[in-house]
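Encoded as structure tokens, the structure appears first; notes follow it.
Chain A is the first sequence line, chain B the second, and so forth, proteins listed ahead of strands; every chain is numbered from 1.
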Amino acid sequence: MTTVRVRFAPSPTGYLHVGGLRTALYNFLFARHHKGVLVLRIEDTDRSRYVPGAVENLIRTLKWTGITYDEGPDIGGPYGPYIQSQRLELYREHAGKLVEMNRAYYCFCTPDRLENMRREQMARKQPPKYDGTCRRLSPREVQQKLQEKVPHVIRLKMPLEGETRFEDMIRGEVAFQNALIDDQILVKSDGYPTYHLANVVDDHYMKITHVIRGEEWLPSVPKHLQIYRAFGWEVPRMAHLPLLLNPDRSKLSKRQGDVAVEDYMAKGYLPEALINFVALLGWNPGTEQEIFSLKELIERFRLERVNKAGAVFDVQKLNWMNGVYIRRLSEDRLVEFLTPFLEKKGYDVSDRERTRKIILAVYKGIDKGEDIAEAARIFFQENVEITEPEARELLKKETSYTVIKVFYEKLHSLDRLDVDIFKQVMKEVQTETGIRKQDLWMPIRIALTGVTHGPELPYVIEIFGLEKVKSFVRQILEKVYREQGRP
RNA sequence: GGCGCGUUCGUCUAGGGGUUUAGGACGCCGGCCUCUCACGCCGGUAACACGGGUUCGAAUCCCGUACGCGCUACCA
């Protein structure tokens, strides 16, 4: 049995799109599941879209996701180079052969003429398609124009009749009328190949056995098949993946949310969570399990279980899943992962022990790294500002004033404060005042944090320390209660 | 416009002729836990696009319609 060889072939546009991530992931899972090989190939045949540093960035991002490949531009391999702009001679040679075999032809039409032609076709409500002018040129005319160095492209000579059928691993049999398919440009006037030529030539020479790519390529398969057949090459198996969609069901794009994997990285999504989530967009193992390690995904992945319909990228579910992964982190990894987000916010994290306690106190309430800043805010503020209406109301209660006053008095007999001491103090306040439950705890919470929710109070107290607690309680007594005319 | 592909709760999906009062997850709502929020646990809400056929029986097979998306570049 031949080894499975698949490829992920992005064009280096500057960042890794989440749709691209899923394509890469499914290729990766398929390759690993079948103990095959994953090739990374850079499709940079469009010089006008060249973005400096894009390849390096792509590789770095892929590394972050945990998707590994066996051959690629940075690690080499037996069928390199793996960057198309370094394989131009190969494409030129094959385009030449296609012309010789009369399966492709030179076209000297100018972009202007083509545009006018298309405009007229549209006006006549006809499908825009190359009119075949240069297809009918005599060999002599072609020779002459070539000698005169008239700028030209090379076009594929599509059959004018019949149909092309093929079996897609996800969609089943798909059929197209040949007559409706355009004479696709294979080599541009700058000598670079288009995707259609380059991908077929490369897939052949890189011995690709399965082409797994986005659904947007489905309509161009007949063109590719023509090239395979012209050369007598074996055609790889094809699998066209459903698209990833915006909430409005259009093709996933910027401006309706983040599409770059780096965006998710920066916001504090864990790679394991992103991978898990993206894997389930269009595929599932048929069980009710939702959380999968990469290893489990590799074990269970089957192309046959990939859906046909597009899937909306639902950030809410991603958030939930990322939260699950965060809560599963060990304490050390939690601290390591979340500290940078506090630092980025400008918070002082130099006291590592204190930072650790803060993180452990609030991590359960967050979905992603950047959420830690808001969740931990109460530990980094110098003063308490009570803006929450509910908090203001609660402080007005008679019992609130009593609790705060008695609590403050008790603080003075203390020389230190920890969880146990605080609980003891609260018990005493309760006994002396007879105030219990919410009426007892809430005033203290509001005095210290300014809001009605947050981590468990004993931990807040411990992280604050005696002096800060005293200071904050004093501020409340002075600022809030003095205004209300209390002693 | 043409061609292609698709269509089960708001979203991701299971189910592929009778096992289905269509299952799970996110979200939302309610409850429990609890000083609060969150976590966790329990419960609820909500879907087979429509119309024809085939069949004793259709979410499941076939045809049509509608809708959505993709392609229709010297972009990938």
Side-chain angles (χ1 to χ4, degrees), chain A residues 9-13 43-46 48-49 84 107 109-111 114-115 118 121-122 124-129 151-155 168 170-171 174-177 179-182 184-196 198-199 213-222 240 242-243 245 247-251 277 280-291 305 307-321 323-324 327 362-367 375 390-391 394 426 436-446 449 451-458:
Chain A
S11 57
T13 53
E43 309 225 322
D44 60 343
T45 54
D46 184 0
S48 65
R49 289 221 269 176
Q84 289 187 328
C107 174
C109 296
T110 63
L114 294 173
E115 201 183 315
R118 262 193 294 272
Q121 289 168 332
M122 302 267 250
R124 272 180 276 134
K125 295 218 190 256
Q126 287 176 341
K129 184 169 178 281
H152 61 270
V153 302
I154 295 177
R155 283 182 187 274
D168 187 273
I170 293 171
R171 281 148 222 286
V174 182
F176 294 86
Q177 297 291 320
L180 268 14
I181 296 166
D182 211 354
Q184 186 66 47
I185 291 180
L186 263 20
V187 177
K188 300 177 248 182
S189 57
D190 65 2
Y192 276 66
T194 57
Y195 173 86
H196 307 283
N199 110 84
R213 86 252 268 199
E215 189 188 354
E216 69 268 29
W217 294 110
L218 196 55
S220 54
V221 172
H240 289 89
L243 262 19
L245 311 173
D248 69 359
R249 304 204 77 88
S250 57
K251 188 175 169 181
F277 175 70
L280 260 18
L281 250 28
W283 171 87
N284 80 85
T287 65
E288 288 183 348
Q289 187 176 343
E290 299 263 359
I291 304 297
R305 286 201 66 91
N307 276 299
K308 294 180 177 72
V312 172
F313 189 94
D314 178 13
V315 184
Q316 277 191 324
K317 187 155 184 178
L318 204 214
N319 285 343
W320 162 75
M321 192 172 277
V324 170
R327 277 171 244 121
V362 302
Y363 80 94
K364 276 186 184 168
I366 66 170
D367 286 333
E390 201 189 337
L394 274 163
M426 290 306 280
R436 303 171 59 242
K437 293 261 181 179
Q438 182 162 330
D439 286 341
L440 172 71
W441 295 82
M442 204 42 98
I444 306 297
R445 171 177 295 284
I446 294 167
T449 70
V451 286
T452 54
H453 60 268
E456 289 176 37
L457 219 30

Taking only the side-chain nitrogens and oxygens of A:Thr194, find out if one of them lies under 4.0 Å from OP1 or OP2 of B:rC75.
-> no

Would you say the side-chain atoms of A:Asn307 pair up with the backbone N or O of A:Pro242, donor to acceptor, closer than 3.5 Å?
-> no

Measure from CZ on A:Arg49 to P on B:rC74 and round the result to the nearest Å.
-> 14 Å

Check every strand shown and say whether A:Arg118 touches a base, only sugar-phosphate, or nothing at a heavy-atom separation below 4.0 Å.
-> sugar-phosphate

Ignoring hydrogens and geometry, is there a side-chain-to-backbone donor-acceptor pair from A:Ser189 to A:Pro151 under 3.5 Å?
-> no

To the nearest 0.5 Å, how far apart are CG in A:Leu114 and SG in A:Cys107?
-> 6.0 Å

State which residues pass ring-ring contact (aromatic ring centres under 6.0 Å, His included) with A:Trp320; sequence neighbours excluded, sorted by chain then number.
-> none

Here the distance between atom P of B:rA73 and atom OH of A:Tyr195, to the nearest Å, is 17 Å

Do the side-chain N or O atoms of A:Lys251 get closer than 4.0 angstrom to the phosphate oxygens (OP1, OP2) of B:rC71?
-> yes

Dump the pairs, protein N or O against N or O of nucleotides 14-22 of chain B, anything under 3.5 Å, distances to one decimal.
from: B:rA14; atom 1: OP1; to: A:Asn284; atom 2: ND2; distance (Å): 2.8
from: B:rA14; atom 1: O3'; to: A:Arg305; atom 2: NH2; distance (Å): 3.4
from: B:rG15; atom 1: OP1; to: A:Arg305; atom 2: NH1; distance (Å): 3.3
from: B:rG15; atom 1: OP1; to: A:Arg305; atom 2: NH2; distance (Å): 3.3

Rounded interatomic separation in angstrom, taking CD from A:Glu390 and P from B:rC35 = 16 Å

What nucleic acid atoms does A:Glu456 come within less than 4.0 Å of, heavy atoms only: base, sugar-phosphate, or nothing?
-> base

For A:Pro458, answer base if it contacts any base atom (sugar-phosphate contacts may also be present), sugar-phosphate if it contacts only those atoms, and nothing otherwise; contact means non-hydrogen atoms under 4.0 Å.
-> base

Rounded to whole angstrom, note down the P distance from B:rA25 over to B:rC42.
-> 9 Å

Quick one: A:Phe313 CZ to B:rC69 C1', roughly how many Å, whole number?
-> 19 Å

Mate of B:rU7 where both pairing distances stay under 3.5 Å, Watson-Crick or G-U | B:rA66

Rounding to the closest angstrom, what is the interatomic distance between B:rG10 and B:rA46 at atom C1'?
-> 9 Å

Check every strand shown and say whether A:Val312 touches a base, only sugar-phosphate, or nothing at a heavy-atom separation below 4.0 Å.
-> sugar-phosphate

Whole-angstrom distance between B:rU7 and B:rC26, as gauged at atom P | 25 Å

Indicate, with a heavy-atom threshold strictly under 4.0 Å, whether A:Gly282 touches base, sugar-phosphate, or nothing.
-> sugar-phosphate

Separation between the P atoms of B:rC74 and B:rG16, rounded to whole Å = 46 Å

Shortest non-hydrogen contact between A:Lys129 and A:Gln121, atoms and distance = O-NE2, 2.8 Å

Do A:Arg445 side-chain atoms and A:Pro455 backbone N/O form a donor-acceptor pair below 3.5 Å?
-> yes

Let me have a per-nucleotide readout for nucleotides 43-50 of chain B, 5' to 3', with B, S or -, counting only protein heavy atoms under 4.0 Å.
-> --------

Looking for any heavy atom pair under 4.0 Å, which part of the strands does A:Thr13 touch: base, sugar-phosphate only, or nothing?
-> nothing

Answer for the Watson-Crick or wobble partner of B:rC74, both distances under 3.5 Å, is none

Considering residues at least two apart in sequence or located in another chain, which fulfil the salt bridge (charged side-chain N to carboxylate O under 4.0 Å, His left out) criterion with A:Arg49?
-> A:Asp46

State which residues pass side chain to side chain donor-acceptor pair (under 3.5 Å) with A:Asp182; sequence neighbours excluded, sorted by chain then number.
-> none

Every protein N/O within reach of nucleotides 1-5 of chain B N/O, cut-off under 3.5 Å:
from: B:rC5; atom 1: O2'; to: A:Arg171; atom 2: NH1; distance (Å): 2.6
from: B:rC5; atom 1: O2'; to: A:Glu215; atom 2: OE2; distance (Å): 3.0

Within the structure, does a side-chain N or O atom of A:Arg327 lie under 4.0 Å from either OP1 or OP2 of B:rG40?
-> yes

Identify, with sequence neighbours excluded, every residue that meets ring-ring contact (aromatic ring centres under 6.0 Å, His included) alongside A:His152.
-> A:Tyr106, A:Phe108

Does A:Leu280 or A:His453 map to a spot on RNA chain B nearer the 5' end, using the closest nucleotide for each?
-> A:Leu280

Check side chain to side chain donor-acceptor pair (under 3.5 Å) between A:Ser11 and all other residues, then give those that pass, not counting sequence neighbours.
-> none

Indicate the atoms forming the closest heavy-atom contact of A:Ile170 with A:Asp168, along with that distance.
-> N-OD1, 2.8 Å

Across all strands shown, which nucleotide pairs with B:rC41 by Watson-Crick or G-U wobble geometry, both distances under 3.5 Å?
-> B:rG31

Please report, rounded to the nearest Å, how far the P atom of B:rC37 is from the NZ atom of A:Lys364.
-> 15 Å

State whether the distance check finds a donor on one side and an acceptor on the other, under 3.5 Å, for side chain A:Arg445 versus base B:rC35.
-> yes

Pairing partner of B:rC56 (Watson-Crick or G-U wobble, both distances under 3.5 Å) | B:rG18

Pull out every protein N or O sitting under 3.5 Å from an N or O of nucleotides 24-33 of chain B, one pair per line with the distance.
from: B:rG24; atom 1: O4'; to: A:Glu288; atom 2: OE2; distance (Å): 3.0
from: B:rA25; atom 1: O4'; to: A:Glu290; atom 2: OE2; distance (Å): 2.8
from: B:rA25; atom 1: O2'; to: A:Glu290; atom 2: OE2; distance (Å): 3.4
from: B:rA25; atom 1: N3; to: A:Lys317; atom 2: NZ; distance (Å): 3.1
from: B:rC26; atom 1: O2'; to: A:Lys317; atom 2: N; distance (Å): 3.4

A:Gly310 and A:Leu245: which non-hydrogen atoms are nearest, and at how many Å?
-> C-CD1, 3.9 Å

Once you round it to whole Å, what is the distance between P of B:rC12 and CG of A:Asn319?
-> 16 Å

Can you find a side chain N or O atom of A:Lys437 that sits less than 4.0 Å from OP1 or OP2 on B:rC35?
-> yes

Separation of atom CD in A:Gln289 from atom P in B:rU13, rounded to whole Å | 17 Å

Rounded to whole angstroms, how far apart are CZ on A:Arg213 and P on B:rG70?
-> 17 Å

Would you please name every residue forming a side-chain contact (heavy atoms from CB on, under 4.5 Å) with A:Asp367, sequence neighbours left out?
-> A:Asn319, A:Arg327, A:Asp371

Classify the nucleic acid contact of A:Leu457 as base, sugar-phosphate or nothing, counting any heavy atom under 4.0 Å across all strands shown.
-> base

Shortest non-hydrogen contact from A:Pro222 to A:Phe176?
-> CG-CD1, 3.4 Å

Side chain of A:Trp441 - closest among B:rG70, B:rA76, B:rC35 = B:rC35

Of all residues at least two apart in sequence or in a different chain, which pass the side-chain contact (heavy atoms from CB on, under 4.5 Å) check with A:Gln84?
-> A:Arg41, A:Glu43, A:Asp44, A:Thr45, A:Tyr91, A:Ala198, A:Asp202

For A:Phe313, all residues meeting ring-ring contact (aromatic ring centres under 6.0 Å, His included), sequence neighbours excluded | A:Tyr264, A:Phe277

Hey, which of these two, A:Asp439 or A:Glu43, hits RNA chain B nearer its 5' end, going by closest nucleotide?
-> A:Asp439

Say you draw a straight line from CG of A:Asn284 to CD of A:Gln289; how long is it, rounded to the nearest 0.5 Å?
-> 11.0 Å

